[in-house]
Amino acid sequence: MQHDYDFRKELMQWHRPGLRCAYTPAAEEASLENITILVPGDAGEVLLTAAQDFQDFLFTSMDCSAALSRGSAHGMRLTVGTFSQLGKAWLYEETPASYEITVEQDSVTVCGYDERGCAQGLYQLEDRMTLIRAPYLKQGTTHYAPAFSPRMIHSGYGQEQYPDQHLSAIAHAGMDAILVFVKDHDLTQVGYMDFNNTIRRANKFGLDVYAYSYFESKHHPDDPDAFEHYNSTYGMLFEKCPGFKGVILVGERIEFPSKDPRVSPKRYYNNTVDGLPTGKRTPGWFPCYDYPQWLELLQKVIYPKKPDADIVLWSYNWNWAPVEDRLALIDNLPKGITLMATFEMGNDRPMEGFRCRTADYTISFPEYSPYFQSEAQRAKERGIRLYTQANSAGLCWDYGVIPYDPFPGMWMRRYNSMLEAREKYGLS
């Protein structure tokens, strides 16, 4: 009998039991049966967590035992920061979370640029053994480096719910950051959350945490009490929770009483005068000329608490606006602000004789849009760090209630287009 949320049972069991099948290894394959996993004496929490996870994978899925040791016995060695010369040449320059795997007949070495890289190397080995359903690895040296970072994701378990098992699954899937909606200190859209505890547990799995702002922006930067107001929200958040990696700012959530004459200074939900619509858009839906001033104020309240905070402005809500207005905003962004432009949004495509516009996210148009391209090009010219919102894990808005949209050819076009944007515009 099925019950509500039964899908969580599978989500909470990342290592599938009894996965091993009959398999005859080739001569060039090494066995991981009865190995000892050698952990550096100075290993931190990320590496220890990953090593214990790998031990559990071998026991649960591969039906074989592995010991953990801090000694120098012969076995599977986990190291940080000692890539081979071949690896250095392949990676051009070593990057965070990159790693090298060397498999020999009687030993395996996983070397990460950092502990997160070493953890990703172990997850890669799990993937290889899961594919053949046996604890054997082909000999040789291989190198990996992430194409994009950060890769952020909301919870698939439940809104703002991040049990350890789900955090582990997110890390195994190659993500390196999670998102939390923030309305106040330890308060989300759905109620209380211990932010610092969530951050600590996520960090253990090599995951950063970004705050997705739901703070109210009640003041224009020119107001005499504007600094005090924003210091009591954004400043307070990073003072009490300095572990947050950064904050995501999207127009519809952060709109403030702009003085731009092209918009109404009201919020979208009360944009009326005497009960009648004002006839103007609200600041959350237009690239107002004073957004840079507002962002500078946020920098003044956030940076004293966290100097390296990643402050991300997402242009989602004004993708429709004239290109000259959008680029004027980018031209005036304060130094250090990250720009995020939605990938396929605003694309026009013909469908049965009609012109259909991409309103949000769809895999039916896998390539980047003219809106994204225009902003990405200007960001590159100005040396601004560039992010995008692009569904890339097999699920999209088109069929939001199923776990995978079965269109592999379209997904490959999406990936190729993302890589093209990386090469042309520095999409990170």
Identify the heavy atoms of [X] and [Y] that sit nearest to each other, and give their distance.
X      : Y      : result
Ala30  : Glu104 : CB-O, 3.2 Å
Tyr210 : Pro150 : OH-CG, 3.7 Å
Arg253 : Ser213 : CB-O, 3.5 Å
Glu115 : Leu47  : OE1-N, 3.0 Å

Mutual orientation of the aromatic rings belonging to [X] and [Y] [parallel < 30°, tilted 30-60°, perpendicular > 60°]:
X      : Y      : answer
His172 : His15  : perpendicular
Tyr361 : Tyr316 : tilted
Phe244 : Phe195 : perpendicular

- [ ] Check step by step if side-chain contact (heavy atoms from CB on, under 4.5 Å) holds for Tyr291 and Ile337.
- [x] CA-CA 12 Å; Tyr291 263 109; Ile337 296 295; over 6 Å; no
**Message:** Main chain of Asp194, side chain of Thr198: is a donor-acceptor contact present, judged purely on distance under 3.5 Å?
**Reply:**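 Between the backbone of Asp194 and the side chain of Thr198 there is a qualifying donor-acceptor contact (under 3.5 Å).
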Would you check if [X] and [Y] make a side-chain contact, meaning some heavy-atom pair closer than 4.5 Å?
X      : Y      : answer
Pro292 : Leu329 : yes
Ile248 : Trp314 : yes
Val180 : Tyr162 : yes
Val46  : Asp114 : no
Arg128 : Thr142 : yes
Lys305 : Tyr234 : no

Roughly how far apart are [X] [atom1] and [Y] [atom2], rounded to 0.5 Å?
X      : Y      : atom1 : atom2 : value
Met129 : Leu32  : CE    : CG    : 5.0 Å
Glu344 : Ser364 : CD    : OG    : 8.0 Å
Leu237 : Leu187 : CG    : CG    : 11.5 Å

Enclosure of Phe7 CZ (heavy-atom neighbours >12, cutoff 6.0 Å):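 Buried by this count: over 12 neighbours within 6.0 Å.
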Review point. Considering residues, nucleotides and ligands other than Phe59, do more than 12 of their heavy atoms fall under 6.0 Å from its CZ?
Key: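 Open.
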Quiz prompt | Pairs touching residues 59-68 that satisfy side-chain hydrogen bond (donor to acceptor under 3.5 Å, both in side chains), sequence neighbours left out | solution =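 The answer is Asp56-Thr60.
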Is any side-chain N of the basic residue among [X] and [Y] closer than 4.0 Å to the acidic one's carboxylate O?
X      : Y      : value
Arg382 : Asp331 : no
Asp6   : Arg8   : no
Arg116 : Asp208 : yes
Glu375 : Arg378 : no
Glu28  : Lys138 : no
Asp164 : Lys204 : yes

Practice item. Could you give me the CA-CA distance, side-chain angles and deciding distance for Asn317 and Tyr268, then say whether side chain to side chain donor-acceptor pair (under 3.5 Å) is met? Key: CA-CA 12 Å; Asn317 289 99; Tyr268 69 92; over 6 Å; no
request  = Using ring pair (Phe, Tyr, Trp, His ring centres under 6.0 Å) as the criterion, point out the one residue from Tyr144, Tyr123, Tyr113 that pairs with Tyr99.
outcome  =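 It is Tyr144, the one option of Tyr144, Tyr123, Tyr113 that forms the ring pair (Phe, Tyr, Trp, His ring centres under 6.0 Å) with Tyr99.
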